[in-house]
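Presented below is the structure to which this report refers.
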Amino acid sequence: MARATARASTRRGAREGRARDGEGNLAREDYRRRRGRGRRRRAGTIGGAASTEETTSTRGRAESARYDDAEIPRGVGSATKAELARWLEGRRLPGQKMALEVNLAEGRGLVATEEIKRGEALLGVPRTTLITVERAIAEAKLGPKHAELQEWSVLATFLAQQALALESGTAGTFGEYIRALPRRTGSVLDWPEDEVDKLLKGSPSRLAAAERQDSVNAAIDEIRSYFPEITVGALRWAFDILFSRLIRLDAMGGELALVPWADMLNHKPGCAAFIDLNGDAVNLTTDRSYVKGEQVWASYGQRPSSELLISYGFAPEVGENPDDEYALTLGVDVNDPLADAKAQVLRDMGLSPVETFPLRLNGYPRQLLQYASFILCNPEKPSELKGLAQSAFTGSANIGQSIFDSVRGLTNGKARGKQGVILGGVAGEIAVREMLADLCAEALSAYPNTLEKDKGLAQGRMPDFPGADAWTGVAPDAIRATQRSVSAARVRVSERRILAKTDSEVRLQLRKLKQKSLMDDFKQ
């Protein structure tokens, strides 16, 4: 299920001394002397749009990020399972091999009622049952004002409007579906602000969570400027639902939609079964077989645990998610005399002065080192920067195609071409790895708890979730607080494992490179 993601990390801006050979050679001695002078910079993605400038969280509005249950329209969560089933039957949902269960560890979910084979098509949700932007505009009769809103805001406006109409009995076609939606999802929009700061301290997801909250606040302000009759609480609930349930359908050109029944499927790390439109119905093609009583899984995409926590309110157990990563952000040092020139050269190549790279247990992209070698280089003349960037990112000053397919490809680690070089030869290889090792050590020191304490918290038992509460999503504060604490600890431990492994590998590479450098010096 497609959600707005948010990734950010701190980095220490660093640059190095003069080029000696016209190729932007890196002087690691200068880097060591000056590595602490840079400023922190963060970047991320909010509501699906990349943010590449240095940002400051607008915390002034964050106190309104969490909504009280009284602010949620009263009709939400009032439908029973039987009422939802009847509505789905009326929407011509075909016979199913799955049944809705509530008392699962995840809350709601779909469980096999008979044997299901691998490669079998399930769901069969008619296209006419989808809530798309076009359908929302038609159903809600939003009028010309909707043209001023982005697609997420149009869908949120529709959900909030229809939820408020439940009380008067004037909700439209999707009224029963909206009555069956949970009142709470456990996503970061439902977290007390002090818990966001406390539980995510040290993690890149701390800023991502703040940006998520701030972007929703801004969207709500914009919506209410056109539709003042829609309450803040209803809109905040609507965005919470969208972040946790919205599906991006590739067969419809990536269009966003709420897909009733399909949105009951839970995510499992490593699952390769995706929800998409096939003809006139939305299906899930299974990637494994199931026996009666087993929960059927879908993939929400290759999402690290931090994203799952922010959007859905859960995180897999440590080691269970193969897509876990630490999002490391690098950027041109604001103190660099060539900062503006470097930033412009990067923009000309379709890159940004600030880029985020994934560190994973199985390594990190070489593009990280190539990018670092460019932002660290210090040629004699600014006019040399273009050629250096082309060498770093394409391997030739005469080739215009960058190794990065796009900023998104870079961030997701998908652009894995072997073009390009790390500037500065062996000295450059050493300098960029010294910077990476320092960044890993700095990131590890930012977590307030000891690793042993976080491991203990991450291994904590999730509290029991009474069936009635699992249906509505409402639970006592103590239960929710424990769920947040355990899930956040899982994220912190996963990130720390990645940082520690990256740091160890980089320092091993440094030892080998320095030995090589000494050998080369000896030969000369």
Side-chain angles (χ1 to χ4, degrees), residues 1-6 45-49 51 57-77 130-168 170-175 177-179 181-185 187-191 193 208-248 255-258 263 310-311:
M1 298 183 184
R3 309 296 185 284
T5 58
T45 310
I46 309 173
S51 171
S57 176
T58 55
R59 307 300 286 169
R61 295 175 299 181
E63 67 272 11
S64 62
R66 192 190 192 200
Y67 50 91
D68 292 329
D69 194 67
E71 299 179 70
I72 303 170
R74 281 187 285 183
V76 172
L130 309 187
I131 303 177
T132 61
V133 170
E134 182 180 2
R135 187 68 182 272
I137 292 170
E139 287 281 332
K141 299 180 177 59
L142 297 179
K145 296 178 183 178
H146 79 267
E148 304 297 326
L149 302 176
Q150 297 181 1
E151 57 181 350
W152 281 78
S153 293
V154 169
L155 290 167
T157 302
F158 166 77
L159 273 184
Q161 182 195 68
Q162 295 297 294
L164 290 167
L166 290 174
E167 190 170 353
S168 62
T170 57
T173 305
F174 295 94
Y177 168 68
I178 293 172
R179 284 183 63 229
L181 289 172
R183 297 181 68 80
R184 295 189 179 277
T185 69
S187 82
V188 73
L189 294 181
D190 193 24
W191 289 28
E193 183 187 357
E211 288 180 333
R212 169 70 59 82
Q213 292 172 330
D214 290 339
S215 67
V216 167
N217 285 341
I220 289 173
D221 289 341
E222 181 185 32
I223 293 169
R224 297 193 74 243
S225 71
Y226 297 108
F227 303 96
E229 70 278 8
I230 302 179
T231 65
V232 172
L235 285 168
R236 201 174 302 285
W237 166 82
F239 274 108
D240 200 359
I241 290 295
L242 292 180
F243 279 115
S244 65
R245 305 182 91 78
L246 207 57
I247 301 173
R248 189 177 296 279
E255 187 170 356
L256 295 170
L258 285 167
D263 60 1
I310 287 173
S311 290

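Being a predicted model, the structure only gives us computed values, none of them experimental.
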Problem set entry | Phe174 vs Gln162 side-chain heavy atoms within contact, under 4.5 Å | no
For this session: Enter the distance from Asp190:CG to Arg183:CZ here, rounded to the nearest 0.5 Å.
Result: 11.5 Å
Exercise. Does any N or O in the side chain of Trp237 come within less than 3.5 Å of the main-chain N or O of Asp69, such that one atom is a donor and the other an acceptor?
Worked result: no
Exercise. Quick check: are there more than 12 heavy atoms from other residues, nucleotides or ligands sitting under 6.0 Å from CD of Glu222?
Worked result: yes
Problem set entry | Point-to-point distance, once rounded to the nearest 0.5 Å, from CD1 of Ile223 to CD of Gln150 | 10.0 Å
Problem set entry | 4.5 Å side-chain heavy-atom contact, Thr185 and Ile241 | yes
For this session: Please check if the side chain of Arg236 supplies one atom and the backbone of Asn217 the other of a donor-acceptor pair under 3.5 Å.
Result: no
For this session: Look only at the side chain of Gln213 and the backbone of Val188, and say whether a donor-acceptor pair between them is shorter than 3.5 Å.
Result: yes
Problem set entry | Close side-chain approach of Arg224 to Leu235, heavy-atom, < 4.5 Å | yes
Exercise. Just how far is it from atom CD1 of Ile220 to atom OG1 of Thr157, taken to the nearest 0.5 Å?
Worked result: 10.0 Å
Problem set entry | Heavy-atom side-chain proximity of Leu155 to Leu159 below 4.5 angstrom | no
Exercise. Roughly how far, to the nearest 0.5 Å, is CG of Leu181 from CZ of Arg245?
Worked result: 5.5 Å
Problem set entry | Shortest non-hydrogen separation from Val76 to Pro182 and the atoms involved | CG1-O, 3.7 Å
For this session: Mind listing the closest non-hydrogen atom pair of Gly175 and Ala171 along with its distance?
Result: CA-CB, 3.9 Å
Exercise. Out of curiosity, Leu189 CG to Ile310 CD1, how far, rounded to the nearest 0.5 Å?
Worked result: 10.0 Å
Problem set entry | From CG (Asp263) to CD1 (Ile131), nearest 0.5 Å | 9.0 Å
Problem set entry | Side chain proximity check, Leu142 to Phe227, heavy atoms < 4.5 angstrom | yes
Problem set entry | Least distance between heavy atoms, Ala136 atom then Val154 atom | CB-CG1, 4.4 Å
For this session: Determine whether Leu258 and Tyr177 make a side-chain contact, defined as any pair of heavy atoms from C-beta on separated by less than 4.5 Å.
Result: yes
For this session: Can you see which heavy atom on Ala238 is nearest to which on Ala156, and at what distance?
Result: CB-O, 3.4 Å
Problem set entry | Side chains of Arg74 and Leu166 in contact at under 4.5 Å (non-hydrogen atoms) | no
Exercise. Shortest non-hydrogen contact from Ala219 to Ser153?
Worked result: CB-OG, 3.9 Å
Exercise. With distance as the sole criterion, is a donor-acceptor pair present between the side chains of Thr231 and Glu71 under 3.5 Å?
Worked result: no
Problem set entry | Shortest non-hydrogen separation from Ala163 to Pro73 and the atoms involved | O-CB, 3.5 Å
For this session: Side-chain contact test, heavy atoms from C-beta onward, threshold under 4.5 Å: evaluate it for Arg135 versus Thr173 and give yes or no.
Result: yes
For this session: Indicate, with yes or no, if the rings of Phe243 and Trp152 have centres closer together than 6.0 Å.
Result: yes
